[in-house]
Asker: 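I'd like to ask some things about the structure below.
In this text, all values refer to a predicted model and were calculated from it rather than measured experimentally.
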Amino acid sequence: MDHTNRSNPAAFTRRSVLASALGVGAAAFLSGCDIAGGTTEAASTALEVDFGKTDFFPLLKSKTGVGRALSTTRILDSLPFMDQIRPALYDGELRFPDTDYPSLTPYPFEVAEDGEATVSRNDFLDDLFSGLRRRNIEIMVQLEGAPKQYWDYDKDDRPHLFPKPDELANAAKAVGKWTKLYSADHPISWCMWNEPSHTLTGSPDTVSVKQMTDIYAAYTNAIAPQGLFGMASFITPSATVRPALGNRTHLQASTDALRERLEAQPGLPFDYLTLNNYGEDLSALFAGARNALGTDFNTVPLIQAQSGVFLPGEWEERAGSTLEAARSMKSLEKALRVADLQTFTFSGWISHLIAYKGGEALQLPLFNALKLFARMPERRGTLQGDLPSGVGAMVSGDEHRSAVLMWNETDQPHTFDVRLTHLRTAGADDAEVRVHHIDSEHGSPLEGSDHTFAPTEVTALDQVSASLTKTVTVAGPGIAYVEVGAKSAHPVLDREGLDAALVRKHTYADRIADQDGKVSVRGNAYGCYDAVRAIAYVGVKGDKGTALVGAEYTGLPDQLKVGISAEGLAAEPLSSESVFGIRVDYLQGDKAVKSVLWHGDTFTGSRTGALPWGRGGATADVLVDTRALDSTRADGSTLTLPLARRAPSGWAAAGRRAIVSFWMDSTGPGSQARFLLG
């Protein structure tokens, strides 16, 4: 049922009967709301959600991650809950001075008198990493602080909690040995240090910049080549211009120092830039990171490694509240529109998403909100109508399901007559309307609601109309979700990853600078890869722009089936750089030995923009004209890539390793494509 006044059973029953009598597609009814203990009819606002029109930027599940410091064994208990939201990434913090962490018990380092370190494995980490890998969830570990043998932690308190090691070379060598225990067969993303603007010297100064660069180079060299490598997680004060840093931000000064180090040491990896932030507005931090990277680190994406919508102190107090979930959905919606942001990670997997009380695992409002978000198709619809201040929405739909997720961060309820148009639901005999609410009465066990989270309304549909209207009240604060479509598994959202081992994602951000030096992404072009479901997404909002993403695997099959759908593709090439296609770079060892590009009629053979990884080059060693790519403008198509037949000699014996890249360059304003692998 819609969220109605539970204190008036008669009114509740009448509305239930009325809804049943009118039918789902009939004019909607108003829902009553409890205000100060009385029953008040909330004025409704008309909204229209059009699933026939596409708003740019899909709802990218590949951007959503969760994280928690690896300080409790409850993390292992909670792994099965990830199956309900299927995050793209899990980010864990390891603080080497904290010897009571189960992830560091027994402590993994022993150092002899001659300085030589021996390292040991840990059952907790073995179980955690294997559980995440089985789910195709990428693993990031933030390495914070030096092993205790390389710093006297008793002599300093925060902000000197994670200082530079006294013996950096030996500390890095020990960490390098230890990390190889876990990432030799399955690379992990390692992030060096944490929040360096206040954890090294205690202030964002030139000394901390040099220390951070020294730590990054030493640790990365010691860990390589097993893993991906990210600079330390920067926070919002890192984006503030400081005279002491030559009128640069701490982010810019640190990145400039890393540039100099890379010039002197070209083989030093730099795979991503990680950020931390607590508070609602992340725009300054994203802009500061983008300006720091400039246009010469286009293969370096942004990763929001930790996020919480309340500031420290208040964040802990608000854990598990409905308001936290509502504001988090607002923050997520903004993050989905940041083209060069690869992953947006919610902190507090334990205590903010899952809480253990009396031995029971409670699913908190943010977890339930992400569970609903995971049900939403990736094709974003459009919404017309004025939303009150403090209320927001995400809408999306495809041929199987249509969904509206609304949030209200105010303390007053709001009621909406939501008209859903251009519904497309395959298999009407398997269709239903589902309504969920998250508020103090639903899905918020720490605020007094029942511990179970279930739909407040489920209505089977004998047939699906092109439109229907629902009246929905969003509590204050609260979340409401309306879904029309298949009640069974969704063939896209519920699909599995490839039966191959993911090595890494390769990303590209088409960053450009204006005359004032402000950096943006050309055409808002994006490329994202969802390894959990083996889906690639690319899109270009502007007239020009390069949308590009690659997925590197070992153990690939002889043939790789790819389902392709696209929209907004121009009828003919718009630029000398135009291309829409799939490229495979065959690897033997770490060397790319051959490239093949499958393309359709959106292709210019004279293009000059090179693929920034693999064999490089603007096209490929072998070009395959593929009509199946042209038919994606209609109802989509399926292409089978004969990987083994096109492979160089010895590829299968070398491990069947390749980078599969998905490419849209200057394909028309608003053009987007989705590729389903396997």
Side-chain angles (χ1 to χ4, degrees), residues 53-63 336-337 339-340 342 377-381 396-400 491-493 495 505-510 521-531 533-551 560-575 577-584 597-604 607 609 611 620 624-641 659-678:
K53 297 179 181 178
T54 302
D55 189 13
F56 193 72
F57 287 120
L59 297 175
L60 297 167
K61 307 300 185 292
S62 55
K63 279 193 174 184
L336 294 173
R337 297 180 180 273
D340 52 348
Q342 184 184 92
E378 86 283 349
R379 186 179 184 272
R380 189 185 288 263
S396 68
D398 60 13
E399 65 272 27
H400 303 283
V492 176
L493 301 177
R495 72 197 310 270
K505 294 189 295 193
H506 294 266
T507 62
Y508 181 80
D510 196 359
V521 176
R522 187 172 64 122
N524 262 340
Y526 70 87
C528 297
Y529 187 73
D530 183 348
R533 301 168 184 83
I535 306 175
Y537 301 97
V538 287
V540 185
K541 187 174 184 179
D543 292 334
K544 294 182 180 180
T546 302
L548 181 60
V549 69
L560 180 61
K561 183 179 177 181
V562 183
I564 310 163
S565 60
E567 56 187 301
L569 285 175
E572 57 185 25
L574 301 178
S575 161
E577 298 298 307
S578 291
V579 62
F580 176 54
I582 304 172
R583 176 168 144 161
V584 173
L597 172 64
W598 285 263
H599 68 86
D601 57 8
T602 306
F603 176 71
T604 308
R607 63 188 317 278
L611 188 79
V624 183
D625 198 337
T626 309
R627 295 299 97 195
L629 283 162
D630 299 330
S631 63
T632 59
R633 293 186 179 89
D635 298 323
S637 62
T638 299
L639 175 63
T640 299
L641 304 180
I659 306 170
V660 186
S661 301
F662 308 90
W663 207 332
M664 293 184 85
D665 195 331
S666 303
T667 45
S671 55
Q672 301 186 94
R674 181 191 70 191
F675 302 84
L676 308 177
L677 280 67

Asker: So, does Arg380 use its side chain to make a donor-acceptor pair with the main chain of Phe57 at under 3.5 Å?
Answerer: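 Yes.
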
Asker: With salt bridge (charged side-chain N to carboxylate O under 4.0 Å, His left out) as the test, would you mind laying out the steps for Asp55 and Arg337 before giving the verdict?
Answerer: CA-CA 11 Å; Asp55 189 13; Arg337 297 180 180 273; 3.0 Å; yes

Asker: State, with a plain yes or no, whether a side-chain heavy atom of Ser671 is found less than 4.5 Å away from one of Val540.
Answerer: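 Sidechains of Val540 and Ser671: in contact.
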
Asker: Tell me, do Tyr526 and Val521 make a side-chain contact under 4.5 Å, heavy atoms counted?
Answerer: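 No, their side chains stay 4.5 Å or more apart.
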
Asker: Verify side-chain contact (heavy atoms from CB on, under 4.5 Å) between His506 and Ser661, making sure each step is shown before the conclusion.
Answerer: CA-CA 8 Å; His506 294 266; Ser661 301; over 6 Å; no

Asker: Verify, without hydrogens or angle tests, whether Ser565 (side chain) and Gly636 (backbone) share a donor-acceptor contact under 3.5 angstrom.
Answerer: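 Not at all, since once roles are kept as given, no pair shorter than 3.5 Å links the two residues.
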
Asker: For Ser666 versus Ser578, what's the shortest heavy-atom pair and its separation?
Answerer: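 Minimum heavy-atom contact is O-OG, 2.9 Å.
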
Asker: Looking only at heavy atoms, which two atoms of Ser637 and Ala628 are closest? And how far apart?
Answerer: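 Looking at all heavy atoms of both residues, the shortest contact is OG-O, 2.6 Å.
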
Asker: Please examine the side chains of Val492 and Arg674, heavy atoms only from C-beta on, and report whether any two atoms are closer than 4.5 Å.
Answerer: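 A side-chain contact under 4.5 Å exists here.
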
Asker: In Å, rounded to the nearest 0.5 Å, how long is the span from CG of Leu548 to CG of Asp510?
Answerer: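 The CG atom of Leu548 sits 9.5 Å away from the CG atom of Asp510.
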
Asker: Here's a test for you: under side-chain contact (heavy atoms from CB on, under 4.5 Å), which of Leu569, Ile564, Val562, Thr602 qualifies with Leu629?
Answerer: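 Running side-chain contact (heavy atoms from CB on, under 4.5 Å) over Leu569, Ile564, Val562, Thr602 with Leu629 returns exactly one hit, Ile564.
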
Asker: Report the residue from Ile582, Thr626, Leu677, Val624 that forms a side-chain contact (heavy atoms from CB on, under 4.5 Å) with Leu641.
Answerer: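 Per the side-chain contact (heavy atoms from CB on, under 4.5 Å) rule, the option paired with Leu641 is Ile582, out of Ile582, Thr626, Leu677, Val624.
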
Asker: Between Gly527 and Val549, what is the shortest heavy-atom contact and its length?
Answerer: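 What the structure gives for the nearest pair is C-CB, 3.7 Å.
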
Asker: What closest approach, in Å, do Gly668 and Ala570 show between heavy atoms, and which atom pair accounts for it?
Answerer: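 Scanning both residues, the minimum pair turns out to be CA-CB, 4.3 Å.
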
Asker: Can you check whether Leu493's main-chain N or O pairs, donor with acceptor, with Arg533's side chain at less than 3.5 Å?
Answerer: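 Flag set: sc Arg533 to bb Leu493 pair under 3.5 Å.
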
Asker: Test side-chain contact (heavy atoms from CB on, under 4.5 Å) on Arg495 and Ile535; report intermediate values, then the result.
Answerer: CA-CA 9 Å; Arg495 72 197 310 270; Ile535 306 175; 3.9 Å; yes

Asker: Does some side-chain heavy atom of Val584 sit less than 4.5 Å from a side-chain heavy atom of Trp598?
Answerer: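 Yes, at least one pair of side-chain atoms sits under 4.5 Å.
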
Asker: So which atom in Leu574 and which in Pro669 form the shortest heavy-atom distance, rounded to 0.1 Å?
Answerer: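 For Leu574 and Pro669, the tightest heavy-atom pair comes out as CD1-CD, 4.4 Å.
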
Asker: What's the separation between atom CD in Glu577 and atom OG1 in Thr667, rounded to the nearest 0.5 Å?
Answerer: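 Those atoms lie 13.0 Å apart.
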
Asker: Quick check: do Phe675 and Leu639 have side-chain heavy atoms less than 4.5 Å from each other?
Answerer: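 Heavy-atom side-chain distance check fails, nothing below 4.5 Å.
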
Asker: Output, in order, the C-alpha distance, side-chain angles, deciding distance and verdict of side-chain contact (heavy atoms from CB on, under 4.5 Å) for Phe580 and Asp601.
Answerer: CA-CA 8 Å; Phe580 176 54; Asp601 57 8; over 6 Å; no

Asker: With a 4.5 Å heavy-atom cut-off, do Gln672 and Phe56 have their side chains touching?
Answerer: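 Gln672 vs Phe56: side chains touch.
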
Asker: Quick one, Phe603 with Asp625, criterion side-chain contact (heavy atoms from CB on, under 4.5 Å). Give me CA distance, side-chain angles, the key distance, then yes/no.
Answerer: CA-CA 9 Å; Phe603 176 71; Asp625 198 337; over 6 Å; no

Asker: Would you say that Lys63 contacts Cys528 through its side chain, given a criterion of any heavy-atom pair below 4.5 Å between the two side chains?
Answerer: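 Yes - at least one pair of side-chain heavy atoms lies under 4.5 Å apart.
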
Asker: Quick check against the 3.5 Å criterion: does Lys541 have a side-chain atom that pairs as donor or acceptor with the backbone of Asn524?
Answerer: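 Checking the backbone N and O of Asn524 against the side chain of Lys541, no donor-acceptor pair under 3.5 Å is found.
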
Asker: Examine distances only and state if a side-chain atom of Arg583 and a backbone atom of Leu597 form a donor-acceptor pair shorter than 3.5 Å.
Answerer: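 Not a single qualifying donor-acceptor pair exists.
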
Asker: Nearest 0.5 Å, please: how far is NE2 in His599 from CZ in Arg627?
Answerer: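 Going from the CZ atom of Arg627 to the NE2 atom of His599 covers 8.0 Å.
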
Asker: Do Thr604 and Asp665 touch side chain to side chain, with heavy atoms closer than 4.5 Å?
Answerer: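 No, every pair of side-chain atoms sits at 4.5 Å or beyond.
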
